[in-house]
Amino acid sequence: MPYGSVAPTALEKPITINTLRRMKADGEKFITVSLYDAPMAAMAQKTGVEVLLVGDSLGMTVLGFDSTVPVTMEQMIYHVEAVRRGNNKSLIMGDMPFMTYGTPTQALENATRIMQAGAHMVKLEGGAWLADTVEMLSERGIPVCAHLGLTPQYVNKLGGFRVQGRDDTQAEAILNDAKLLDQCGADLLVLECVPSELAKRITAAVSMPTIGIGAGRDCDAQVLVINDILGLTEQPPKFSKNFLVEAGDIPGALRKYAADVKSGIFPAEEHTFS
Ligand SMILES: Nc1nc(=O)c2c([nH]1)NC[C@@H]1CN(c3ccc(C(=O)N[C@@H](CCC(=O)O)C(=O)O)cc3)CN21
Ligand SMILES: CC(C)C(=O)C(=O)O
Ligand SMILES: [Mg+2]
């Protein structure tokens with residue numbers, strides 16, 4: 001057991017939103033990886049990765065675009081199907097692409113397609129304007145992961161991939177959005193590139209589990225993009241870590257990421273914003 005007392009093992013039972021709520025209550029961190037294909041999904045199951053995100057980051061990490069804006073429903077469906085074929089235990093979350101959930105009705109139609117491709121939950125970027133949409137999907141049996149802070153589909157509006165919530169007004173707005181979407185029935189919340197103090201406050205203020213990326217160690221879970229874990233990214237974000245270097249091979253890198261999150265070693269100070 002090279003990484004301490006919490007060496008990850010293969011998932012035995014399917015992970016559900018109830019599993020994740022219980023883990024939040026027990027203070028046990030869960031692992032999320034953004035990945036896109038069947039063999040990686042299978043390896044994640046063996047490593048005990050509780051949640052798989054089929055991220056629209058695939059537009060950048062797989063397809064060579066310079067943002068996630070060009071990603072289509074057809075591309076998301078293709079990759080959700082592949083991931084689902086490789087893994088029958090992790091909870092699979094599918095990103096809804098840019099402008100496929102602009103209205104509640106449009107969101108319902110497109111979320112249905114992602115669910116029927118094999119996802120157990122959809123993820124949407126945005127704040128208070130999504131309240132009706134989250135409520136509508138939830139009431140009809142589609143669990144929703146909200147995504148606040150640095151929302152990459154807003155890159156053209158944000159003027160770049162920048163840390164969000166640094167001033168008090170913006171921080172309060174993100175906190176209020178999180179509380180509202182929690183009340184509307186969201187089941188998970190991704191917090192991306194926000195100061196760790198803000199992520200800590202939000203995690204304490206909402207009933208849904210939070211998943212951080214560049215949001216410090218106090219979230220209920222962490223997510224990284226598989227390309228960053230494996231050192232495939234030319235200019236990796238500051239919050240990410242190449243686990244392949246120390247681990248030596250791909251299964252080892254995934255195991256080390258999982259073990260380091262479970263034991264609180266990752267993220268360290270150098271991966272966080274304040
Ligand atoms: N490989 C990869 N990893 C990701 O985490 C990721 C993607 N691609 N594509 C979709 C979005 C885009 N993301 C990004 C991309 C760049 C930064 C970045 O360079 N951030 C600066 C911080 C800038 C500031 O201080 O405001 C950094 O230094 O990390 C952050 C998130 C996160 N997502
Ligand atoms: C970075 C994560 C949270 C994501 O949304 C993605 O991989 O698309
Ligand atoms: Mg995404």
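Each ligand, and each atom within it, is numbered from 1 in the order the structure gives. These figures come from a predicted structure and were not determined experimentally. For this chain, numbers begin at 1 and follow the sequence in order.
Counting heavy atoms closer than 4.0 Å to ligand 2, residue D95 contributes side-chain atoms (C-beta onward) but none from N, CA, C or O. Only the side chain of M60 comes within contact range of ligand 1, with a heavy atom under 4.0 Å; no backbone atom does. Here L224 has no heavy atoms under 4.0 Å from ligand 1, in either its backbone or its side chain. The residue N227 has no part lying near ligand 1, judged by heavy-atom distances below 4.0 Å.
Ranking protein heavy atoms by distance to atom 1 (C) of ligand 2, first place goes to I213 CD1, 3.7 Å. The protein heavy atom nearest to atom 11 (C) of ligand 1 is P152 CG, 3.7 Å. When only non-hydrogen protein atoms are considered, atom 8 (N) of ligand 1 lies nearest to T61 CG2, 3.8 Å. Among protein heavy atoms, atom 6 (C) of ligand 2 sits closest to S57 OG, 3.3 Å. Taking atom 24 (C) of ligand 1 as the reference point, the nearest protein heavy-atom neighbour is V163 CG2, 3.7 Å. Shortest contact from atom 4 (C) of ligand 2 to any protein heavy atom: L53 CD2, 3.4 Å.
One finds the CG atom of L244 at 7.5 Å from the CG atom of D249 (value rounded to the nearest 0.5 Å).
For the pair F239 and C193, the tightest heavy-atom approach, listed with the atom from each and the gap, is CE2-SG, 3.4 Å.
Not a single heavy atom of S240 sits under 4.0 Å from any atom of ligand 1. Contact annotation: K123 has at least one heavy atom less than 4.0 Å from an atom of ligand 2. Within the 4.0 Å heavy-atom shell around ligand 1 one does not find Q235.
S207 and D182 share a side-chain donor-acceptor pair at under 3.5 Å. Between the side chains of Y257 and T47, not a single donor N or O lies within less than 3.5 Å of an accepting N or O. Between the side chains of S196 and T272, no donor-acceptor pair is found at a separation under 3.5 Å.
Ring geometry for F266 versus H271: interplanar angle of 30 to 60°, hence tilted.
Cation-pi check for K238 over F273 is met; the charged atom lies under 6.0 angstrom from the ring centroid and within 45 degrees of its normal.
Using a 4.5 Å cut-off between side-chain heavy atoms of Ile, Leu, Val, Met, Phe, Trp and Tyr, with links allowed through other members, L130 and L180 fall into different hydrophobic clusters.
Considering backbone and side-chain N/O of Y36, none are found under 3.5 Å from N/O of ligand 2. Residue-to-ligand polar distances place D56 within reach of ligand 2: an N/O pair is separated by less than 3.5 Å.
Residue L150 has at least one heavy-atom neighbour below 4.0 Å for each of these atoms of ligand 1: 30 (C), 31 (C). Close approach of ligand 1 to F239 (heavy-atom distance below 4.0 Å) involves ligand atoms 5 (O), 30 (C), 31 (C). In the vicinity of K238, heavy-atom distances shorter than 4.0 Å reach the ligand 1 atoms 27 (C), 28 (O), 29 (O).
Between the OD2 atom of D95 and the OD1 atom of D56, the angle taken at the Mg ion (ligand 3) works out to 80° after rounding to 10°.
Judged purely by atom type and a 3.5 angstrom limit, D218 has no side-chain atom pairing as donor or acceptor with the backbone of K200.
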- [ ] Assess whether salt bridge (charged side-chain N to carboxylate O under 4.0 Å, His left out) is satisfied between R113 and E74, documenting all intermediate values.
- [x] CA-CA 10 Å; R113 295 180 68 196; E74 287 67 32; 3.4 Å; yes

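Looking at K241 and E270, no side-chain N of the basic residue comes within less than 4.0 Å of a carboxylate O on the acidic one, giving no salt bridge.
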